[in-house]
Structure formats: structure tokens, C-alpha cells
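Notes for the one structure printed next.
Counting starts at 1 for both ligands and their atoms, in listed order. Every heavy atom of this structure was used, including side-chain atoms; hydrogens, water molecules and symmetry mates were not.
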Amino acid sequence: MIFQGEAIQVERRSDDIAHMVLDLKGESVNKFNQQTLKDLDAALKAIQKEEGLRGLVASSAKDTFVVGADITEFVTLFKAEEEVLIDGLVKTNAIFSALEDLPFPTAVAINGLALGGGFEFCLSCDFRVMSEKAKVGLPEVKLGIFPGFGGTVRLSRLIGADNAIEWICTGSEKRPDAALKDGAVNAVVAHDKVLSAAIDLVNRAAEGEVDYKQRRSIKTSALELNNIESMMSFETAKGYVASQAGPNYPSPVLAVKTIQKHAGMTRDDAIKVEVKNFASVARGPVAQNLVNLFLNDQALKKTAKQWDDKAREIRKAAVLGAGIMGGGIAYQSASKGTPVYMKDINDEGLKAGLDEAAKLLRKQVDRKKIDIEKMANVLNDIRPVLSYGDFANVDIAVEAVVENPKVKHAVLKEVEAALPDHAVIASNTSTISINSLAKAVKDPSRFCGMHFFNPVHRMPLVEVIRGEKSSDEAIATVVSYARKLGKSPIVVNDCPGFYVNRVLFPYFAGFAMLVRDGVDFQKVDKVMEKFGWPMGPAYLLDVVGIDTGVHAQSVMAEGFPDRMQQDFHSAMHLMYEKERYGQKNSKGFYRYELDKKGKPKKLVDEEAIELVNSVSAAPQEMDADDIINRMMIPMCIEVARCLEEDIVASPADADMGLIYGLGFPPFRGGILKYMDDVGMAEIVARADKQADLGNLYKVTDRMREMAKNGDTYYP
Ligand code: NAD
């Protein structure tokens with residue numbers, strides 16, 4: 001044994017090849033945490049001292065190779081002083097360069113996922129042999145950073161600047177064929193041959209059959225580009241990458257600039273450039289927010305998994321109502337492997353549901369994501385029915401009929417009678433209280449809410465709403481079904497609007513008052529889109545449906561009259577009276593025409609502008625910051641209330657709920673993270689400044705206390 005650590009061990013093989021095995025104790029996957037880096041440093045020092053070695057081969061004892069750096073360590077690391085961060089990166093890079101500089105050939109057997117730091121380790125070896133089941137990549141941009149362990153240097157020299165920019169700036173995981181084609185790996189072999197092939201390659205290199213020194217020198221030299229080529233490819237790349245990433249995500253463009261700057265340098269100088277730029281982007285707000293978001297997502301998954309023990313197995317599902325939502329849920333269920341009955345009251349409804357599923361599947365076939373056989377199987381797993389005939393073998397039924405309490409009560413009664421005793425019943429209502437719907441069923445313990453977002457196949461969030469009488473088993477089963485559908489569930493308590501709509505409507509109310517006071521609605525849209533929302537409030541209302549908006553607003557006004565009751569005629573209500581329902585009938589705050597791809601295109605509509613003016617005060621100019629405050633403060637306060645009232649269980653649930661349910665700008669890390677960044681004292685001061693606008697701008701006592709104590713939602 002040459003070295004034995006907590007994460008790495010190195011053995012001397014009988015053919016004098018050192019075999020380094022990565023196997024982080026106590027973890028299901030390998031990651032480059034501080035312990036692994038410490039071990040790697042010590043292991044390399046031990047290897048350097050060992051006499052007579054002919055080569056080194058590295059492999060993993062886990063199913064994956066190395067999934068990346070340990071992101072939990074990023075939180076404190078990225079907050080460190082610049083010199084401290086740079087110092088740490090210099091030391092880590094020295095370890096990776098020491099691996100690259102070993103006086104004999106090195107190869108790595110990539111048996112599974114090798115991402116981020118894990119793939120940068122592979123890049124430091126002379127040869128990369130990849131299993132046909134593995135994937136490799138540098139996904140750092142997804143965390144607002146870019147590779148910092150020499151990845152921008154080695155990959156650009158290995159596969160060329162253009163390819164490296166594509167790999168690094170998209171952060172995509174590469175399959176073996178793509179990795180081999182670009183030259184990022186040397187061979188792709190059958191899964192069980194990956195280690196033996198890597199050993200064979202090292203042996204051949206040690207015997208001089210393969211020139212490892214030449215390959216190594218490519219990675220340690222400057223990039224070979226003439227000036228014009230260099231100018232053209234980098235300038236074009238910067239423009240393209242900037243347009244793809246958008247102004248709020250700086251790291252991809254900085255990655256291109258980094259590669260451009262160090263292109264003419266040899267390895268050690270090039271790494272200095274990478275380290276410096278990495279430190280600047282890592283210490284910026286976007287990286288810190290995206291890391292926060294990643295950790296929140298992990299927390300969400302962990303919380304959802306904790307329900308597993310109590311969940312019942314779901315072999316067969318049913319959805320009631322084959323409309324927009326029911327059709328979407330049936331499609332999602334069947335395509336993720338749970339066969340589903342789709343019930344409606346007439347053939348037209350069923351046909352519309354099936355047509356929608358077929359359309360979505362056809363798109364996937366066209367994009368080569370699935371084959372025709374899979375499409376046929378999925379469609380086969382959606383059984384359209386007009387009666388409850390076969391419901392005795394259903395484990396979960398999701399009600400998605402029209403938003404009418406009477407109809408829902410009747411349907412819930414009927415379905416309960418048709419289901420076996422163990423089956424769970426969930427309603428996809430968006431506004432009707434779960435506790436009131438629970439009265440429709442004999443056994444309310446098996447009933448809860450399961451609130452999907454439109455379009456179901458695309459929106460990741462599902463709110464699981466716990467009624468007063470819902471059992472843990474019912475909640476657990478719905479959480480487990482949501483996960484089976486590939487969704488991120490959060491469990492919330494019952495209240496008008498549940499969590500997401502409860503905090504969305506105060507935001508819409510902020511919008512209604514801005515428009516009432518003469519602020520141009522198109523300007524508000526532009527400002528809020530610049531803030532990072534996928535669409536501004538007027539556009540969003542058009543997409544949600546003005547009729548739906550009016551209905552939900554009335555539910556919120558009834559539930560929270562102190563702040564949601566409106567004593568003026570809002571633009572949204574006027575649109576409704578004029579039968580401008582938004583995208584669904586091609587006119588609302590904007591008008592819509594179908595583009596060549598059949599997608600609705602938003603256009604300015606003079607008639608809508610006139611209508612809005614008729615219910616607004618004289619036009620007034622307002623600063624973007626004031627617009628943002630008037631829009632965001634009511635939402636911030638309502639989120640704080642939901643947390644204080646235990647509607648949502650944690651800041652992670654609250655933040656991910658809005659990111660996954662509404663598209664709250666991810667680069668801001670979440671709404672509570674945004675409040676932390678602005679500072680509670682400042683939020684309270686901004687709210688107090690708008691006190692004239694009424695209770696929507698009245699902060700809670702707890703918020704005032706937090707402001708006084710300098711408290712934050714996140715540590
Ligand atoms: P929809 O009008 O598109 O579909 C409703 C379907 O229910 C129709 O096909 C109708 O024929 C069918 N139906 C009516 N009575 C029925 C009965 N007795 N048995 C079986 N089917 C019956 O409506 P939708 O937009 O799909 O909304 C369905 C539910 O989902 C509503 O509760 C709504 O609030 C909720 N929801 C909608 C959205 C959205 O954006 N559309 C989002 C989240 C939740």
C-alpha cells in the first residue's frame with residue numbers, strides 16, 4: 001500500500017503501476033471536498049517518493065466517478081476575503097498540476113459521472129478512458145461560476161477554444177460519443193472493461209508505444225491560434241454567449257474572457273488568470289445566490305424523501321377531468337411510468353386530453369428524445385374513460401374538473417365511492433379551500449390538495465396541501481407521486497391561495513394600484529422583466545387568464561379582506577368586463593397573433609391602452625426602483641406572513657416554491673434571499689414609505705423585530 005486515506009487509497013500493482021482508488025468514506029458518491037483534496041495531496045507526495053513506478057491509473061470504487069466539488073463548502077468559501085480564496089485555489093491547482101507532472105504516464109478510468117472538479121481531475125491525467133455508461137462535463141456555470149481547478153486551461157488546449165467554450169458555457173453533461181468526438185476522452189469502452197483498458201493504456205505508454213509526453217505538452221503549452229483566428233472566435237463567442245446567458249448571469253462571458261486572456265500563456269501562468277477571474281465571479285452575488293438555490297433544492301429533495309416511509313405504493317393513478325390540467329397530469333403520469341385512467345364527462349373532453357398528450361409526445365419524437373415505440377406505450381398507458389368502472393384498482397385519484405365547488409363536491413363523492421379504501425384522493429383546485437372540499441368525502445383523512453402549475457409538463461412545482469384532517473399517509477403518498485412525476489413537491493398548509501397564489505395576488509394588487517395611479521402598464525412589465533421575472537405582471541395576467549385572475553382575486557379578497565379587498569375599479573376587472581380574457585381569446589392587456597411556429601406572439605394593442613387609461617389617473621412617470629418596490633413589497637410581506645403562519649415550513653420551501661412555481665429570478669436566489677440581501681431594515685423602511693397605499697404595505701411585527709435585531713432568514 002502506497003497510501004491510505006479517508007477518501008483515497010493507492011496500491012502498488014505487480015506491474016509497478018500505482019492504482020489510485022477514489023472512495024470517500026461515509027458518502028454514496030465521491031466529491032472533491034477538503035478531505036479528498038488533502039488526501040490527494042498526501043497520496044501524490046507518497047507516490048513521488050515511491051521508487052521504480054512505471055505509471056499511475058486512477059479509478060473510483062463508487063458507481064459514479066466524482067460528481068464535483070462539495071458545494072456545501074462553497075457557502076463559506078465564496079464569502080472569504082479575495083486573498084484567502086485565491087490562496088486556496090492556488091494550493092488546489094498545485095495539487096492537480098502535481099498529478100499532471102508525475103514522471104510517468106497517467107490514465108483515469110471514468111466509470112460513471114465525472115463532473116466539475118471530478119472531470120478537471122481527469123483532465124490532469126494523460127489519458128481518459130470512459131465507460132459507455134459514463135457522462136462527463138463542467139457544469140459550474142449553473143452555479144454562477146466556471147471551472148477553477150484548471151478546467152478552462154486544460155480543456156481549451158485539449159479540444160480547442162471553440163469546443164471548450166461550448167462545453168463550459170452551456171455546462172452540459174456530455175455522453176461518451178460526444179466526448180470522444182470532441183477529443184475530451186481518448187477511448188470509450190464497455191463498462192466492465194474501463195479499468196483494464198486504462199491500465200493497458202498506461203502500460204503501453206510506459207513501454208513507449210504511445211507518446212504520453214507529447215499529449216501532456218499540449219495541455220501545458222499555449223493554445224495554438226493565430227491572432228486573427230483568436231480575435232474572431234473569441235469575439236463571436238463572447239457576443240453569442242452573452243446573448244444566451246442574458247445580463248444577469250455573468251459567469252459564461254467571464255469564462256470566455258478568461259480563456260481568451262490565457263490562450264497565449266503556458267499552463268502555470270494561464271492557471272493564475274483562471275484563479276483570479278474565478279475568485280472575482282465566485283465572490284459576486286449571483287454565484288452566492290445560485291449556490292443558495294442549489295442547496296435549497298437539495299434540502300427540498302431531502303424533505304420530500306423523508307415522506308417515503310409513510311407513502312403507499314402507486315401502481316395505478318386516475319385523473320378526473322381531461323382539460324388543460326387533467327390532460328397534462330395524465331400525460332406526465334404515463335410518460336413517467338405510472339399508468340393512468342383519464343375520466344371526463346364527454347368524448348370531446350377525452351379527445352382534447354389525448355390530443356394534447358399526443359402533441360407533446362410527437363414533439364419529443366421529433367427532437368429524438370423518445371422513439372415511436374415509447375410514444376405508443378405512453379399513449380397506451382393513458383386510458384380514457386367515461387365511467388368509474390375500473391377504479392377499484394386505482395391507488396390515487398387527482399381531481400382536475402372545472403373550478404366550481406358544487407361540481408367538485410359531486411365528483412369527489414362519486415370517486416370516493418368507486419375507489420378502494422386505501423386510495424388517496426387529491427384535488428388540483430387552485431383556489432377552493434381543501435378543508436371545505438374535504439367535507440365532500442366520507443373519509444377526509446385520505447384527502448388533500450395536489451396543486452400543479454400550468455403547463456404541467458414544464459412547471460417543476462407541485463404544492464401538496466395538507467387539510468386539517470389529511471393523514472400523514474395521504475400527504476406522503478401524494479408527495480411520492482409528485483416525485484414519481486419528476487416534480488419538486490412542497491407541503492403547505494391550507495389557506496386561501498395556498499402558498500404560491502397567496503403571495504402572487506398581493507403582487508398583482510401592487511400592479512393594479514400602480515396602473516390606477518397612472519403608471520404605464522407596459523413600463524411596469526419592462527421594469528419587472530428587467531428585475532428578472534420571465535414576464536411582467538400584465539403579460540402574466542394575460543397568460544394565466546384574466547377570468548382566472550378575477551376569480552382568484554375575489555377568493556383572496558374574501559380570505560384576506562383587510563389587505564386584498566379593492567375599493568377601485570381595476571384594469572384587470574375592466575378587461576374582464578370587456579371579455580378580454582388574455583391569451584386564451586387573443587386579447588387582454590396585449591393582443592396575440594400566432595407566429596409561424598403556432599405560438600402566441602404578444603403585440604401592443606391601442607384599444608387595451610385606451611381601456612387602461614379610462615380607469616387610471618393622469619399618466620405619471622415613476623423610477624424603476626419605485627416600481628420595483630411597489631410591486632415586490634406586498635409579495636415580500638405575504639411570503640414573510642406565510643412563513644410566520646406556518647403555511648410554508650422553511651425558507652427553502654418558500655424560496656423554491658416561487659422559483660419553481662412562478663419563475664422568480666433564480667439569480668436572486670429566492671425571495672427571502674432577496675430580502676436578506678436588501679436587508680430587513682431597508683425592506684421595512686421601503687414599506688413604511690408606501691404606508692399610504694394601505695395594508696398590503698404593512699409589515700408584520702416579526703419583520704419589524706427582525707429589522708431591529710439585524711436578523712436574516714438565512715445564516
Ligand atoms: P378545463 O376547463 O380545461 O378542464 C376541465 C375539464 O373537466 C373539462 O374537460 C370538463 O369536461 C371536465 N369535467 C367537468 N365536469 C366533470 C365531471 N363531473 N367529471 C369529469 N370531468 C369533468 O380546466 P383546467 O384549466 O384544466 O382546470 C382544472 C382544475 O385545475 C381547476 O380546478 C383549476 O382551478 C385547476 N388549475 C388550473 C390551472 C390552469 O392554469 N389552468 C392551474 C392550476 C390548477
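Using a 4.5 Å heavy-atom threshold, the side chains of Met459 and Asn454 count as separate.
Among all heavy-atom pairs drawn from Asn501 and Ser430, the shortest one is ND2-O, 3.7 Å.
One option in Val401, Val411, Val402, Asn428 has a heavy atom closer to atom 22 (C) of ligand 1 than any other, and that option is Val401.
Residue Cys642 is tested with Val648, Asp653, Val492 for a side chain to side chain contact (heavy atoms under 4.5 Å, CB included); the sole match is Val648. A side chain to side chain contact (heavy atoms under 4.5 Å, CB included) with Asp308 holds for exactly one of Lys310, Lys305, Gln306; it is Lys305.
Taking the six-membered ring for Trp and thresholds of 30 and 60 degrees, Tyr507 and Trp533 have ring planes inclined between 30 and 60 degrees apart.
Backbone and side-chain nitrogen or oxygen atoms of Leu320 are examined, and none is located within less than 3.5 angstrom of a nitrogen or oxygen of ligand 1. At a 3.5 angstrom cut-off on N or O pairs, His451 does not count as close to ligand 1.
Residue-ligand proximity, Thr429 to ligand 1, at heavy-atom distances under 4.0 Å covers atoms 32 (O). Listed by atom number, the atoms of ligand 1 under 4.0 Å from Ser430 heavy atoms are 33 (C), 34 (O), 35 (C), 36 (N), 44 (C). Atoms of ligand 1 lying under 4.0 Å from at least one heavy atom of Lys408, given by number and element, are 31 (C), 32 (O). Those atoms of ligand 1 that come under 4.0 Å of a heavy atom in Asn454, given as number and element, are 39 (C), 40 (O), 41 (N).
Of the protein's non-hydrogen atoms, Met325 N, 2.8 Å is the one closest to atom 26 (O) of ligand 1. Protein heavy atom at the shortest distance from atom 15 (N) of ligand 1 is Ile345 CD1, 3.6 Å. Shortest contact from atom 43 (C) of ligand 1 to any protein heavy atom: Phe452 O, 3.2 Å. Among protein heavy atoms, the minimum distance from atom 8 (C) of ligand 1 is reached at Asp344 OD2, 3.6 Å. Closest to atom 6 (C) of ligand 1 among all protein heavy atoms lies Gly323 N, 3.8 Å. At the shortest separation from atom 32 (O) of ligand 1 among protein heavy atoms lies Glu403 OE1, 2.5 Å.
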* Please lay out, stage by stage, how Phe511 and Phe589 fare under the test ring-ring contact (aromatic ring centres under 6.0 Å, His included). => CA-CA 13 Å; Phe511 170 67; Phe589 282 93; 5.8 Å; yes
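A centroid separation of less than 6.0 Å is found between the aromatic rings of Tyr590 and Phe521. The aromatic ring centres of Tyr674 and Phe531 sit less than 6.0 Å apart.
For the pair Asp605 and Arg580, the salt-bridge criterion is met [side-chain N within less than 4.0 Å of a carboxylate O].
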